[in-house]
Amino acid sequence: MSGLKALSVVSEIYPLIKTGGLADVAGALPGALASHEVEMRTVVPGYPSVMAALDEHETVVELAELWGGRARVLAARAKGLDLFVVDAPHLYARPGNPYHAPDGTDWQDNPYRFAALCWVAAQIGLGSVPAFVPQVVHLHDWQTGLTAAHLTYDGRRRPGIVITIHNLAFQGQYPSSMLQGLGLPWYSFGMDGVEYYGNIGFLKAGLQFADRITTVSPTYAHEILSPECGMGMEGLLKARSSVLSGILNGIDDTVWNPATDPLLPVHYSAAEPLGRLAAKAALRKRFLLDDKAQGPIFGVVSRLSDQKGLDMVLEALDTILAVDGQFVLLGSGDKELTAGFHRAASVHPGRIGCVIGYDEALAHLIQAGSDALLVPSRFEPCGLTQLCALRYGAVPIVTRVGGLADTIIDANEMAIDAGVGTGLVVAPTTTEALEESILRAARLYADVPTWQKIVRAAMKCDVSWTRSAGRYAKLYRDLVKERTP
Ligand code: ADP
Ligand code: GLC
């Protein structure tokens, strides 16, 4: 098998910059693909944290003008990743996260910041760095969608294009008056181009021009063809369904490994699970929870947004208290949810704790020290926290949507007997069903051998990238073969 060169294009990448699972996937995939003889390099914006992390680097492209300032493209290595970094301080050298200022408001020039990323990525895709001419360009989410338009409109022979939808809720739509400013030709503004309901659609462009569309679970690939989940894109997705498929995410099992995790007080494994008790004690200490509660500790690690269904958790807190359980939350986002969880923690000290913010180390401790992890999403393209929970032995309690449905097997009686039940599946997506699942979890938890059986089954699951990296590699190879004259 000969090596295949693939260029990944993304707006965030772990461990350099992360707001969610997108960064985890972008960071883990290149390493996982290496064993399938795919050489992947990733184009990312030169945010301050990216620039600060670069080891060796060299300038491979100089640009006198890129959306209002000078820029360079650096070929670089950082934290084991092979990158092309778009060093354009006027666009990316800012505090805050990739999309927002520190006060939470979107950067006004986001369309131009990501248009610049797309334009540079397309140039590399078309061969502007002779040392690395990709056969496949793999785009992720709306921020990178225009790359597909540039690659196609250029007219030269282009690499194969794959776009992965990590979340259809974000589509990158901007007024048609920006067409020229975004570097797009006049003729691109049509239904078969970048036009989307009278606007310019970044994601639309990606979906229109890609040779393959993937999303991050088979169930989400199916769900997004319906008006309920397609968020307006269902028509286009249906028209392109012959090239649409779902490939499940994995997690980086070197970062998420309780047997070696430097962020845990004591290491443990499925065979030697006692270390979970030390993690539980540390978790209680961290959240100032008492150690008298007899019920399970329910944990949450999440963005606080409507997608994640945490308003239902807020409503179900009384049920957790009624089973003598405890609750810990780490998250950031929505102001109302933040206020709600703060209020609950102040009314029930010792039983409910919350930390608002982003804290990698605490996320690991919650996975190791909680008995169950709540993920009651309204929709979930894949979800990674339930995979981390499986690996760390926190029994996932999830709604039956998207990747949650594809990764968790409900611990009903038959599944428990067969030793394959790995979590609790909540259906339908309602507070009442969530409350019932909390009651069921508490009953199962009280039956120690049964609970241990579920924890063991969870920890035995293969949540690594092994299987899915093979699927991406095959997708790339098929595409290259199909495009070879
Ligand atoms: P999404 O990408 O929709 O937010 P995922 O479950 O795919 O959801 O990925 C979320 C990732 O972000 C996981 O790696 C999770 O551990 C991490 N995460 C989410 N919120 C926080 C937080 N407040 N602090 C630390 N890590 C977080
Ligand atoms: C998105 C989705 C999440 C998925 C992640 C990585 O943020 O919300 O479900 O796991 O992308 O693909």
Side-chain angles (χ1 to χ4, degrees), residues 8 10-15 17-29 32 97-99 138-144 163-171 203 214-221 223-224 229 231 246-253 255-256 261 263 286 299-310 328-334 337-338 341 354-368 370 373-392 394 396 398-399 401-408 463 465 468 472:
S8 171
V10 74
S11 58
E12 53 181 276
I13 186 164
Y14 180 87
I17 180 137
K18 163 169 162 179
T19 71
L22 171 62
D24 291 308
V25 172
L29 199 52
N97 82 16
Y99 322 111
H138 187 161
L139 310 175
H140 299 273
D141 272 355
W142 76 265
Q143 295 87 352
T144 64
I163 186 163
T164 296
I165 303 167
H166 294 264
N167 198 331
L168 259 190
F170 305 102
Q171 303 184 348
L203 182 63
T214 68
T215 185
V216 286
S217 69
T219 293
Y220 193 59
E223 288 171 344
I224 58 180
C229 303
M231 304 203 175
I247 301 180
L248 214 46
N249 288 333
I251 53 171
D252 185 332
D253 56 1
V255 175
W256 291 98
D261 189 337
L263 301 170
R286 176 71 197 268
V300 166
V301 178
S302 184
R303 287 188 289 118
L304 305 182
S305 76
D306 185 59
Q307 173 189 346
K308 302 292 178 178
L310 296 170
V328 295
L329 171 133
L330 167 65
S332 63
D334 183 87
L337 288 170
T338 301
F341 285 111
C354 77
V355 169
I356 300 300
Y358 185 88
D359 185 335
E360 199 81 36
L362 188 53
H364 284 238
L365 186 62
I366 291 177
Q367 296 285 10
S370 305
L373 189 88
L374 296 173
V375 196
S377 306
R378 294 200 160 79
F379 70 93
E380 196 61 75
C382 179
L384 299 177
T385 57
Q386 83 281 11
L387 301 181
C388 302
L390 288 172
R391 182 109 166 106
Y392 276 52
V398 306
T399 39
V401 297
L404 301 174
D406 290 340
T407 53
I408 304 301
V463 291
W465 270 104
S468 295
Y472 277 115

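Quick caveat: nothing in here was measured; it's all calculated off a predicted structure. Just so you know, ligand 1 is whichever comes first in the structure, and atom 1 is the first atom listed for that ligand.
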Location of contacts on Asp24 toward ligand 1, heavy atoms closer than 4.0 Å
side chain
Evaluation steps, side chain to side chain contact (heavy atoms under 4.5 Å, CB included), between Ser302 and Leu310:
CA-CA 9 Å; Ser302 184; Leu310 296 170; 3.8 Å; yes
Return yes or no for this condition: an N or O of Gly21 is under 3.5 Å from an N or O of ligand 2.
no
Would you check if the side chain of Gln171 reaches a backbone N or O of Met231 as a donor-acceptor pair within less than 3.5 Å?
yes
Pro218 versus Leu248: any side-chain heavy-atom pair under 4.5 Å?
yes
Please examine the side chains of Thr164 and Tyr472, heavy atoms only from C-beta on, and report whether any two atoms are closer than 4.5 Å.
yes
Is any side-chain heavy atom of Asp406 closer than 4.5 Å to one of Tyr220?
no
With Val398, the side chain to side chain contact (heavy atoms under 4.5 Å, CB included) member among Leu373, Leu374, Leu404:
Leu404
So is Ser332 polar-close to ligand 1, meaning N/O to N/O under 3.5 Å?
no
If I apply the N/O under 3.5 Å rule, does Asn167 come out as touching ligand 1?
no
Closest to atom 6 (O) of ligand 1 among protein heavy atoms sits Leu384 N, 2.8 Å
May I ask you to identify the nearest protein heavy atom to atom 15 (C) of ligand 1, giving residue, atom name and distance to one decimal place in Å?
Thr385 CG2, 3.6 Å
Looking only at protein heavy atoms, which one is nearest to atom 24 (N) of ligand 1, and how far off is it?
Asp359 N, 3.0 Å
Report yes or no: does Arg391 contribute a side-chain atom to a donor-acceptor pair with the main-chain N or O of Trp256 at less than 3.5 Å?
yes
Side chain to side chain, Ile251 and Trp465, heavy atoms closer than 4.5 Å:
no
Evaluate Leu22 for polar contact with ligand 1, using N/O atom pairs at a separation under 3.5 Å.
no
Consider every N or O of Val301 and every N or O of ligand 1, then say whether any pair is closer than 3.5 Å.
no
Identify, for atom 10 (O) of ligand 2, the protein heavy atom at the shortest distance, and state residue, atom and that distance.
Gly383 N, 2.8 Å
Considering the heavy atoms of Gly383, write down every atom of ligand 1 situated less than 4.0 Å from one of them.
6 (O), 7 (O)
Hey, is Gln367 one of the residues with a heavy atom under 4.0 angstrom from ligand 1?
no
In ligand 2, the atoms that come under 4.0 Å of a heavy atom of Glu380 are 2 (C), 3 (C), 8 (O), 9 (O)
Look at atom 11 (O) of ligand 2 and find which of His166, His140, Gln307 reaches it with the closest heavy atom.
His166
So do the side chains of Asp141 and Ser11 get within less than 4.5 Å of each other, counting heavy atoms only?
no
Is the ring pair His364/Tyr392 parallel, tilted or perpendicular, if the boundaries are 30 and 60 degrees?
perpendicular
Could you tell me which atoms of ligand 2, counted from 1 in the order shown, lie closer than 4.0 angstrom to a heavy atom of Val25?
6 (C), 12 (O)
Return the residue, atom name and 0.1 Å-rounded distance of the protein heavy atom closest to atom 26 (N) of ligand 1.
Tyr358 CE1, 3.4 Å
Below 4.0 Å from ligand 1: does a non-hydrogen atom of Ala23 turn up there or not?
no
Just wondering, do Glu380 and Gln386 contact through their side chains at under 4.5 Å, heavy atoms?
no
At under 4.0 Å between heavy atoms, is it the side chain or the backbone of Asn249 that contacts ligand 2, or both, or neither?
side chain
Among protein heavy atoms, which lies nearest atom 2 (O) of ligand 1, and at what distance?
Gly21 N, 2.7 Å
Counting C-beta onward and ignoring hydrogens, is there a side-chain heavy-atom pair between Ile356 and Leu329 closer than 4.5 Å?
yes
Location of contacts on His166 toward ligand 1, heavy atoms closer than 4.0 Å
neither
Under 4.0 angstrom from ligand 1, any heavy atom of Ser302?
yes
Any heavy atom of Lys18 closer to ligand 1 than 4.0 angstrom?
yes
Could you check Phe170 against Gln143 for side chain to side chain contact (heavy atoms under 4.5 Å, CB included), going step by step and ending with a plain yes or no?
CA-CA 9 Å; Phe170 305 102; Gln143 295 87 352; 5.8 Å; no
Using a 4.5 Å cut-off on heavy atoms from C-beta on, say whether the side chain of Leu22 contacts that of Asn167.
no
Has Gln367 got a side-chain atom pairing as donor or acceptor with Thr385's backbone, closer than 3.5 angstrom?
yes
For ligand 2, note which part of Asn167 has a heavy atom under 4.0 Å away: side chain, backbone, both or neither.
side chain
Counting only heavy atoms, tell me which of Glu360, Arg303, Lys308, His364 gets closest to atom 8 (O) of ligand 1.
Lys308
Does an N or O from Ala363, backbone or side chain, lie closer than 3.5 Å to an N or O of ligand 1?
no
Closest approach of any protein heavy atom to atom 23 (N) of ligand 1, naming residue and atom
Gly357 O, 2.8 Å
